[in-house]
Amino acid sequence: MAAPRLPTAPRLPRRTVLGLACAVLGAPVLAGAVPPVLLRFSHVVAPDTPKGQMALRFQSLVHERAGGRIRVEVFPDSRLWGDDDEVEALRLGAVEMLAPSLSKFGMAGVPEFEVFDLPYLFTDLAQVRRVTQGAVGRGLLERLARQQMRGLGFLDNGFKQMSATRALRTPADYRGLRVRVQASRVLGEQVRALGAQPVVLPFGETPRALASGVVDAAENPLSNFLTQGLAARQPHLTLTQHGYLGYAVVTHPRFWASLARADRALVDDALAEALAHGNRLAEALDRQALATLRQTPGLQVHALSATEREALRRHLRPVVDGFGRSVGAGLLRDLLRAIPTG
């Protein structure tokens, strides 16, 4: 006789789960030795990407210097929280540190960050760093406070390239395609300007969406394209270099204030070293990924000519102008002034 089936527990809504997590975190500690401060660092990409390696270097430096007072746990590949719920988890205290893409902050209530999504704004990472490591970058990080986030620093992941079921050399090549994008108004306008349909999907769902035909194309830095195995699903990779993809490391102001002053300095210094390490890796891994992808069977890599790239830039110029009108011409002007022209 078959054993009786036990009743299935009801699935709790995500917000309820987050609330329970916060309640557990706020519970009193039993008498005894003071436990180490737990710092959970959640991100959505693979460990062998610039962000993944930066997080592991940060973990190593903190453990080396904190003498057991701080324990860092790193959760890659959306294992703890994903694209669609990580910011909410941070606000509710269910995670202590994130490194979302800069596109994410626009939908989280700080639309100024979408300036980084503008097409053909930067030509190289040196220009990006003049912005992120200067007054404009510091001002943007400070604006995160109005959405219960403390910005701690920026991390590069290089420039985005387009992959698709066909080569994308001209604006006309995009017509009719369904393109996976992050939840960014600027990215949606960019895709629509090319005659394509933007499809907002979390990063972790992109490989499956490409394999099933839900989307036809996607934009990614080369390291993400390689580590997610997208070459098996996208036979054409076009080196458009059309946009920058970076991250901002954030924590919750309440958690930051809970740290002893010496521990805040320790975490800050360790993170600065880890970010510098990640930024060096971003350039190196980009070159390595391109060399590997050029040798990948079944994948065709297309390099745009200067004329083709300029035609795309001109076609997308209205997206840049629209951002200046809707979010603020002042921010765009300050950013352009920070970029060296010589």
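The model shown is predicted, which means the values in this text are computed figures rather than measured ones.
- The line from CZ of Phe225 to CG of Leu293 is 6.0 Å long, rounded to the nearest 0.5 Å.
- By the 4.0 Å N-to-carboxylate-O rule, Glu73 lies too far from Arg40 to be salt-bridged with it.
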Legend entry - Chi angles and distances behind the salt bridge (charged side-chain N to carboxylate O under 4.0 Å, His left out) call for Glu283, Arg129: CA-CA 13 Å; Glu283 295 184 90; Arg129 289 170 189 165; 3.3 Å; yes
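- Note: Leu299 CG to Arg233 CZ = 13.0 Å, rounded to the nearest 0.5 Å.
- Taking 4.5 Å as the limit, every side-chain heavy atom of Val128 sits out of range of all side-chain heavy atoms of Leu121.
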Legend entry - Intermediate values then yes/no, side chain to side chain contact (heavy atoms under 4.5 Å, CB included), Ser163 and His236: CA-CA 6 Å; Ser163 65; His236 294 274; over 6 Å; no
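- Here CZ of Phe255 is found 10.0 Å from CG of Leu90. Values are rounded to the nearest 0.5 Å.
- Between Phe41 and His43, the ring planes are perpendicular. Angles over 60° get that label, and only those under 30° would be called parallel.
- Taking hydrophobic clusters as Ile, Leu, Val, Met, Phe, Trp and Tyr residues chained together by side-chain heavy-atom distances below 4.5 Å, Leu259 does not share a cluster with Val250.
- The minimum heavy-atom distance linking Gln190 with Val319 is given by the pair CA-CG2, 4.0 Å.
- The main-chain N or O of Ser42 is never found under 3.5 Å from a side-chain atom of Glu96 such that the two would form a donor-acceptor pair.
- The OH atom of Tyr247 sits 14.0 Å away from the OG1 atom of Thr132 when rounded to the nearest 0.5 Å.
- Judged by distance alone, the side chain of Thr292 and the main-chain N or O of Gln288 form a donor-acceptor pair under 3.5 Å.
- At a threshold of 4.5 Å between non-hydrogen side-chain atoms, the residues Val179 and Pro198 do not count as touching.
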Inset, instruction - Check the pair Asp117, Ser184 against side-chain hydrogen bond (donor to acceptor under 3.5 Å, both in side chains), reporting the backbone distance first and the verdict last. - result: CA-CA 8 Å; Asp117 291 333; Ser184 159; 2.7 Å; yes
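- No salt bridge links Arg325 with Asp321; every basic N to acidic carboxylate O contact stays at or beyond 4.0 Å.
- To the nearest 0.5 Å, atom OG1 of residue Thr238 and atom CD of residue Gln300 are 9.5 Å apart.
- Closest approach of Pro36 and Arg71 over heavy atoms only: CG-NH1, 3.9 Å.
- Counting heavy atoms from C-beta on, the side chains of Phe75 and Trp81 never come closer than 4.5 Å.
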Inset, instruction - Please lay out, stage by stage, how Arg317 and Glu189 fare under the test salt bridge (charged side-chain N to carboxylate O under 4.0 Å, His left out). - result: CA-CA 11 Å; Arg317 180 67 201 187; Glu189 290 171 10; over 6 Å; no
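- Nearest approach of Val267 to Met97, heavy atoms of both residues: CG1-CE, 4.3 Å.
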Inset, instruction - Test Leu331 against Val136 for side chain to side chain contact (heavy atoms under 4.5 Å, CB included), laying out the working first. - result: CA-CA 8 Å; Leu331 172 61; Val136 174; 4.2 Å; yes
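- Of the inter-residue distances, the one linking Thr170 atom OG1 with Leu312 atom CG reads 7.5 Å to the nearest 0.5 angstrom.
- Between Val131 and Phe154, every side-chain heavy-atom pair lies at or beyond the 4.5 Å cut-off.
- No side-chain heavy atom of Ser78 sits under 4.5 Å from any side-chain heavy atom of Pro202.
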Inset, instruction - Evaluate side chain to side chain contact (heavy atoms under 4.5 Å, CB included) for Phe58 paired with Leu39, printing each intermediate quantity in order. - result: CA-CA 11 Å; Phe58 171 70; Leu39 193 164; 4.2 Å; yes
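- Around CZ of Arg261, the count of heavy atoms belonging to other residues, nucleotides or ligands within 6.0 Å does not exceed 12.
- Side-chain N or O atoms of Arg169 include one that pairs as donor or acceptor with a backbone N or O of Ala303 at under 3.5 Å.
- Looking only at side-chain heavy atoms (C-beta outward), Leu266 and Arg69 come within less than 4.5 Å of each other.
- Cluster membership check: Leu155 does not share its hydrophobic cluster with Leu222, using side-chain heavy-atom separations under 4.5 Å among Ile, Leu, Val, Met, Phe, Trp and Tyr.
- Under a hydrophobic-cluster definition in which Ile, Leu, Val, Met, Phe, Trp and Tyr are linked whenever side-chain heavy atoms come within less than 4.5 Å, directly or via other members, Leu152 and Ile70 are assigned to the same cluster.
- Checked by atom type and distance alone, the side chain of Asp286 never pairs as donor or acceptor with a backbone atom of Ala282 at under 3.5 Å.
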Inset, instruction - Please report the C-alpha distance between Ser223 and Asn157 in whole Å, then the side-chain angles of each, then the deciding distance to 0.1 Å, and finally whether the side-chain hydrogen bond (donor to acceptor under 3.5 Å, both in side chains) criterion is met. - result: CA-CA 8 Å; Ser223 61; Asn157 197 17; 3.2 Å; yes
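- Under a 3.5 Å cut-off, the side chain of Asp124 and the backbone N or O of Ala126 do form a donor-acceptor pair.
- One N or O on the side chain of Gln161 and one on the backbone of Thr240 form a donor-acceptor pair closer than 3.5 Å.
- Across all non-hydrogen atoms, the minimal contact from Tyr244 to Lys160 is O-CE, 3.8 Å.
- At a threshold of 4.0 Å, the pair Arg180-Glu205 does not count as salt-bridged, since none of the basic side-chain nitrogens sits closer than that to a carboxylate oxygen.
- Closest non-hydrogen pair, Val320 versus Pro119, comes out as CG2-O, 4.0 Å.
- Leu194 and Leu168 end up in the same hydrophobic cluster when Ile, Leu, Val, Met, Phe, Trp and Tyr side chains are linked at under 4.5 Å.
- In terms of hydrophobic clustering, with Ile, Leu, Val, Met, Phe, Trp and Tyr side chains grouped at heavy-atom distances under 4.5 Å, Leu140 and Leu332 are assigned to a common cluster.
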Inset, instruction - Mind running salt bridge (charged side-chain N to carboxylate O under 4.0 Å, His left out) on Arg57 and Glu273 for me, showing each step along the way? - result: CA-CA 8 Å; Arg57 175 62 66 92; Glu273 290 186 36; over 6 Å; no
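- For the pair Leu304 and Leu239, the minimum side-chain heavy-atom distance is 4.5 Å or more.
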Inset, instruction - Decide yes or no on salt bridge (charged side-chain N to carboxylate O under 4.0 Å, His left out) for Lys104 and Asp83, but give the supporting numbers first. - result: CA-CA 8 Å; Lys104 183 78 65 65; Asp83 264 331; 3.2 Å; yes
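- Residue Phe159 forms a side chain to side chain contact (heavy atoms under 4.5 Å, CB included) with just one option from His242, Gln241, Glu219, and that option is Gln241.
- Side-chain atoms of Glu308 come within 3.5 Å of backbone N or O of Ser305 as a donor-acceptor pair.
- Residue Arg208 places its CZ atom among 12 or fewer non-hydrogen atoms of other residues, nucleotides or ligands, all under 6.0 Å distant.
- At a threshold of 4.5 Å between non-hydrogen side-chain atoms, the residues Asn279 and Met54 do not count as touching.
- The minimum heavy-atom distance linking Lys51 with Val44 is given by the pair NZ-CG2, 4.4 Å.
- When the side-chain contact (heavy atoms from CB on, under 4.5 Å) test is applied to Ala108, the partners found at least two apart in sequence or on another chain are Val87, Arg91, Met149.
- Between the side chain of Thr49 and the backbone N or O of Val45, no donor-acceptor pair lies under 3.5 Å.
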Inset, instruction - Given side chain to side chain contact (heavy atoms under 4.5 Å, CB included), test Gln197 with Leu177 step by step and report yes or no. - result: CA-CA 6 Å; Gln197 176 187 347; Leu177 293 179; over 6 Å; no
